[in-house]
Amino acid sequence: MNTERNEKNGRNNGSLKAIPSEIVRITRVIDETPSVKTFEFDKDFEFKAGQFCMVWVPGVDEIPMGLSAANAITVQKVGEATEALFKLNAGDKIGIKAPLGNGFSIGNGGRVLAIAGGVGAAPLRPLVRSGRCTTFLLGSRTASEILYGDELAQGTDLRIATDDGTKGHHGFVTDLMKEVDLLSYNSICVCGPEIMMRGVLRLLKEKSEDTNTDLVSRGQFSLVRYMKCGVGICGSCCLDPEGLRVCRDGPVFAGDIVEKSREFGTYSRDASGSRTMPGGH
Amino acid sequence: MVRIEKTDKVTAGGVELRNHMILAAGILGTTGASLNRILNLGAGGVITKSIGPEPKTGHHGPTVCVLDGAVMNAMGLPNPSSNFVSELDAIEDIGSKPVIASIFGGNPEDFSKVASWFAGRVRGFELNVSCPHAEGYGAQIGCNPDLVYDCTKAAVKAAGGLPVWVKLTPNVTDITASAKSAERAGASAVVAINTVKAMRISTELRRPMLGNGTGGLSGPAVFPIAVRCVWDLYEAVKIPIIGCGGVMTADNVVEMMMAGASAVEIGSGVLGLSGVNIFKDIAAELYADAGEGKDTVKAEDIIGCAHEY
């Protein structure tokens with residue numbers, strides 16, 4: 001992936017185009033699991049699976065969130081802004097800047113494997129909805145936290161793993177990778193806690209070496225980093241060692257790029273720019 | 001258009017640069033790796049995120065609003081303070097790279113302390129006495145010529161011989177007053193301008209678009225303001241002027257130089273059509289070999305040339 005080329009939109013003519021925050025009204029709040037809600041709003045955004053939006057929660061903050069549908073975000077309560085979002089109801093207004101960043105690139109055909117952990121299923125759901133996803137490996141802490149279970153089962157070959165064994169395989173989602181023929185997939189799209197994605201990357205590497213096939217670059221990983229601007233100007237979400245911006249050059253990166261990142265699964269930076277441990281979000 | 005004769009090196013304000021286009025402070029400068037990337041993408045020099053005496057998380061979002069032809073922000077000077085020093089390790093062969101540390105503080109002691117962390121690691125300093133939306137810092141110093149003098153003096157002393165640039169706020173009646181103070185205190189250059197005080201309101205939400213309420217404007221909309229400030233400074237001080245504010249194209253660089261700038265800084269320009277390639281795209285258009293076209297001139301021949309109109 002040549003991110004410098006991806007960014008090039010045309011000849012520099014001195015223009016600078018607005019990236020507006022569209023004010024939308026929440027039309028429906030869906031309780032997906034005890035800790036996850038989906039917020040649907042009254043506007044559809046044209047987007048590609050894996051692209052994200054900046055969600056303006058008035059009076060609180062603006063935070064990045066993957067689009068789980070053209071008119072929806074699926075949110076887990078993790079901090080001040082998501083907590084405030086959880087208190088909103090149908091009829092309330094929020095601001096949405098979308099679509100931002102680069103989504104999953106799956107070409108025109110071929111088999112697609114999705115691997116998700118927890119709320120990481122959110123940005124992968126549009127792949128299923130558009131009928132592009134062949135197999136979906138979904139990991140969850142426990143049965144009640146399984147996100148979009150029924151919906152995913154309808155469109156794909158869905159396999160589930162839970163940490164506590166309350167549903168599906170008792171163990172990690174990475175264990176499920178051994179059940180499928182990884183070589184048969186053209187794209188392997190991954191989103192979840194970084195520690196899990198690191199496990200996926202390690203298995204892809206091992207399989208690549210065993211089979212003399214480059215599976216690592218078939219992998220595409222959706223990353224999360226603390227973001228201030230979301231549009232590629234502030235630099236708060238840059239990855240070591242290449243300085244790529246998660247918001248603009250990502251958030252989806254090819255496996256060979258992620259493999260080079262020494263911070264992947266190890267550390268990230270906080271709102272001040274100081275390094276924090278661990279990197280798992 | 002007017003093009004500039006290619007030379008091996010460009011010197012501005014005592015800093016040896018690779019070309020006339022420098023990455024402005026606060027843009028893609030939070031990590032060493034990002035600064036390294038922008039150098040590799042053709043910037044003539046890079047300026048770090050402004051670093052202060054204590055870590056700061058900055059204002060709540062929205063922190064940046066991208067408008068047609070302008071960017072409005074209120075970041076609130078987020079920075080990791082002394083933790084930033086180790087970020088510089090990510091810049092390959094930093095000893096040979098034009099890296100400038102942007103620093104801020106609330107008093108001369110702060111400037112002295114923060115400058116001492118970077119002396120010997122960077123090629124120069126830029127004092128941020130001009131951020132329009134940080135309580136007790138930035139423009140609260142830059143609006144007071146006496147404080148500018150004291151802070152510059154302290155930084156020059158702590159800089160161990162490295163050049164000190166002072167970045168000025170346009171949000172004053174007379175920008176030359178602070179510039180003269182900086183010059184008297186030993187600054188090697190003044191930089192003009194930081195952002196222009198600004199605000200937008202979401203009519204649908206009946207509240208300001210920025211989390212902080214008010215903020216600062218940059219991008220093409222402020223270019224005429226920046227040109228005017230550089231013009232006024234050129235007539236008021238003898239030290240070099242670095243032009244900053246809305247530079248998007250090679251012709252904008254030439255115009256800033258004709259107003260009196262020795263080099264320019266580029267910030268919001270990274271959101272234009274070239275993206276982070278703006279430095280090399282401008283360079284490709286701006287520079288020509290000597291004698292290539294009748295409009296090819298030496299840089300020193302056009303700096304401030306419009307003042308003879």
Side-chain angles (χ1 to χ4, degrees), chain A residues 3-25 54-63 80-81 93-95 97 227-245 248-249 261-263 269-275, chain B residues 26-38 40-41 49 55-58 60-71 73 75 78-81 83-84 86-87 90 202 204-205 207 209 211 219-220 248-249 251-252 267-278 281-282 285:
Chain A
T3 47
E4 270 85 52
R5 194 171 52 230
N6 284 355
E7 170 145 332
K8 190 97 186 179
N9 301 315
R11 192 169 175 276
N12 174 28
N13 61 0
S15 70
L16 196 156
K17 274 183 60 185
I19 307 172
S21 189
E22 307 267 1
I23 307 304
V24 300
R25 200 180 282 279
M54 287 301 283
V55 183
W56 175 13
V57 188
V60 185
D61 208 348
E62 190 181 39
I63 53 168
E80 192 190 2
K93 288 176 180 176
I94 54 174
K97 277 177 201 161
M227 268 177 208
K228 283 190 184 290
C229 78
V231 296
I233 189 169
C234 79
S236 62
C237 65
C238 290
L239 289 177
D240 290 340
E242 294 192 88
L244 296 172
R245 300 159 296 178
R248 186 73 191 258
D249 304 306
S261 171
R262 61 170 173 258
E263 70 171 78
R269 288 178 178 80
D270 65 15
S272 77
S274 298
R275 288 185 190 187
Chain B
I27 310 295
L28 302 175
T30 305
T31 72
S34 177
L35 292 166
N36 190 58
R37 179 186 185 205
I38 302 301
N40 287 339
L41 289 172
K49 176 79 197 150
K56 270 170 78 82
T57 53
H60 279 184
T63 55
V64 172
C65 298
V66 184
L67 313 169
D68 272 323
V71 178
N73 91 83
M75 304 296 296
N79 81 97
S81 193
N83 288 328
F84 186 78
S86 62
E87 287 289 342
S202 163
E204 279 186 84
L205 291 180
R207 60 162 58 237
M209 288 184 183
M248 300 290 289
T249 64
D251 198 58
N252 290 161
S268 304
V270 304
L271 292 184
L273 292 178
S274 286
V276 288
N277 293 306
I278 186 167
D281 284 1
I282 287 185
E285 217 180 320

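So that the names make sense, note that chain A is the first sequence line, chain B the second, and so on, each numbered from 1.
For B:Met209 against A:Trp56, the heavy-atom pair with the smallest separation is CA-CH2, 3.7 Å. Pairing each heavy atom of B:Pro80 with each of A:Ser274, the nearest pair is CB-OG, 3.3 Å. Of all the heavy atoms in A:Leu239 and B:Ala33, the pair that sits closest is O-CB, 4.2 Å. For the residue pair A:Cys238 and B:Thr31, the shortest heavy atom distance occurs at CB-OG1, 3.8 Å. Scanning both residues, A:Asn13 and B:Thr249, for their nearest heavy atoms gives C-CG2, 4.1 Å.
Within the 4.5 Å cutoff, no side-chain heavy atoms of B:Glu204 are placed close to those of A:Arg25. A heavy-atom distance below 4.5 Å is found between the side chains of B:Leu273 and A:Ser15. Residues B:Val64 and A:Ile233 form a side-chain contact, since some pair of their non-hydrogen atoms from C-beta on lies under 4.5 Å apart.
In this structure, B:Asp68 contributes its side chain and A:Ala18 its backbone to a donor-acceptor pair below 3.5 Å. Using modelled atom types, one side-chain atom of B:His60 and one backbone atom of A:Val60 make a donor-acceptor pair closer than 3.5 Å. Judged by distance alone, the side chain of A:Lys228 and the main-chain N or O of B:Gly61 form no donor-acceptor pair under 3.5 Å. Counting only distance, with no hydrogens or angles, the side chain of A:Asn12 and the backbone of B:Asp281 share no donor-acceptor pair below 3.5 Å.
Between B:Glu87 and A:Arg269 there is a salt bridge, since a side-chain N of the basic residue sits under 4.0 Å from a carboxylate O of the acidic one.
Options B:Gly267, B:Ser86, B:Ser268, B:Ser81 differ in how many heavy-atom pairs under 4.5 Å they form with chain A, and the most are formed by B:Ser268. No other option in B:Ser34, B:Pro62, B:Pro78, B:Ala70 has as many heavy-atom pairs under 4.5 Å with chain A as B:Pro62. For the set B:Leu271, B:Asn83, B:Thr63, the entry with the most heavy-atom pairs within less than 4.5 Å of chain A is B:Leu271.
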Q. Could you walk me through whether B:Val71 and A:Leu16 pass the side chain to side chain contact (heavy atoms under 4.5 Å, CB included) check?
A. CA-CA 9 Å; B:Val71 178; A:Leu16 196 156; 4.2 Å; yes
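Both the backbone and the side chain of A:Pro58 come within contact range of chain B, with heavy atoms under 4.5 Å apart. Neither the backbone nor the side chain of B:Leu35 has a heavy atom closer than 4.5 Å to any heavy atom of chain A.
Expressed to the nearest 0.5 Å, how far NZ of A:Lys17 lies from CG of B:Leu67 amounts to 14.0 Å. Annotation: the span from A:Met54 atom CE to B:Cys65 atom SG amounts to 10.5 Å, rounded to 0.5 Å.
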